[in-house]
Amino acid sequence: MSDPVLSAIAGNMARIRDRIASAALRAGRNPEAVTLVAVSKTNPSEAVLAALATGQRHFGENRVQEAQAKFPALREAFPDLRLHIIGGLQTNKARDAVRVADVIETIDRPKLADAIADAMARAERRPLLLVQVNVGDEPQKSGIPTAEADDFIQACQARFGAGLAGLMCIPPAEGDPAPHFDWLAERAARHGLGIVSMGMSGDFETAIAHGATHVRVGSAIFGARG
Ligand SMILES: *Cc1c(COP(=O)(O)O)cnc(C)c1O
């Protein structure tokens, strides 16, 4: 990455933090109640380092393999960094995900919950877990269908206790995301879950207005992905 690209990251971080704080204040919320997860997928470690230099600590990666390639070395230099796995997980990646992640945001079916429980029993690590809900019930999207969400959330709470920490969604690309954000925040409250992960580069301010505690922002920080 060229120097201009890397220095743009610091400016982008500052702008996104400002926009998060303004959105929170407009909604009558404490800006510190919103955690920015910088989505670094497809970007090299030097881009992550540029964000770390600004004080950013939460990062998101879609693919476990890419996370394993980038984050162990970064974690050694920055022990307080927090890695979120935000991409769909195959059960055969559960053990690697448990080893590398601090938060796994994409628990979306019983078989994956089984594999994660098994992996956590073997490993020393217990990442926080979020249930991903397919809020638009879109056939091509991962996430537990809305009609099955309550039962699945309760089953995960029974199994993981406080390790089941919240809910995550990616609303449909078309249309107003606000009703979906409301739905997710309401479900999290109903189940006593503190983390509501929703909102990306295009809609994080709307998500904050509708109760997001974690926003996942990639391209607005690191630039368009190639
Ligand atoms: C890539 C990705 C993001 C970030 O998307 P941007 O539009 O680049 O901000 C957020 N959440 C998930 C699950 C993603 O895959």
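As the structure lists them, so they are numbered: ligands from 1, and atoms in each ligand from 1. Scope of the values below: all heavy atoms of this structure, side chains included, with no hydrogens, waters or symmetry mates.
With M198 as the fixed residue, the side-chain contact (heavy atoms from CB on, under 4.5 Å) test singles out one of P177, P171, C169: C169. Looking at V196, L193, I107, L130 one by one, the single match for side-chain contact (heavy atoms from CB on, under 4.5 Å) with L167 turns out to be L193. Partner T35 forms a side-chain contact (heavy atoms from CB on, under 4.5 Å) with one of H84, H58, R57 and no other, that one being H58.
When each atom of ligand 1 is checked for a heavy atom of V217 under 4.0 Å away, the hits are 9 (O). For ligand 1 and I170, the ligand atoms under 4.0 Å from any heavy atom of the residue are 13 (C).
Among protein heavy atoms, atom 9 (O) of ligand 1 sits closest to S201 OG, 2.5 Å. Looking only at heavy atoms of the protein, atom 12 (C) of ligand 1 is closest to I86 CD1, 3.5 Å. Scanning all protein heavy atoms for the shortest distance to atom 10 (C) of ligand 1 gives M200 SD, 3.2 Å. The protein heavy-atom contact nearest to atom 11 (N) of ligand 1 is R216 NE, 2.9 Å.
The pair D182-R187 does not count as a salt bridge, with every side-chain nitrogen at least 4.0 angstrom from each carboxylate oxygen.
Between the K70 side chain and the Q65 main chain, no donor and acceptor come within less than 3.5 Å of each other. The backbone N or O of A47 sits nowhere less than 3.5 Å from a side-chain atom of N43 that would complete a donor-acceptor pair.
With a heavy-atom cut-off of 4.0 Å, K41 touches ligand 1 through its side chain alone. With a 4.0 Å heavy-atom cut-off, ligand 1 is reached by the side chain of N62 but not by its N, CA, C or O.
For the 3.5 Å distance criterion, the side chains of T54 and R17 qualify, holding a donor opposite an acceptor.
Considering both main-chain and side-chain atoms, G218 comes within under 3.5 Å of ligand 1 through a nitrogen or oxygen pair.
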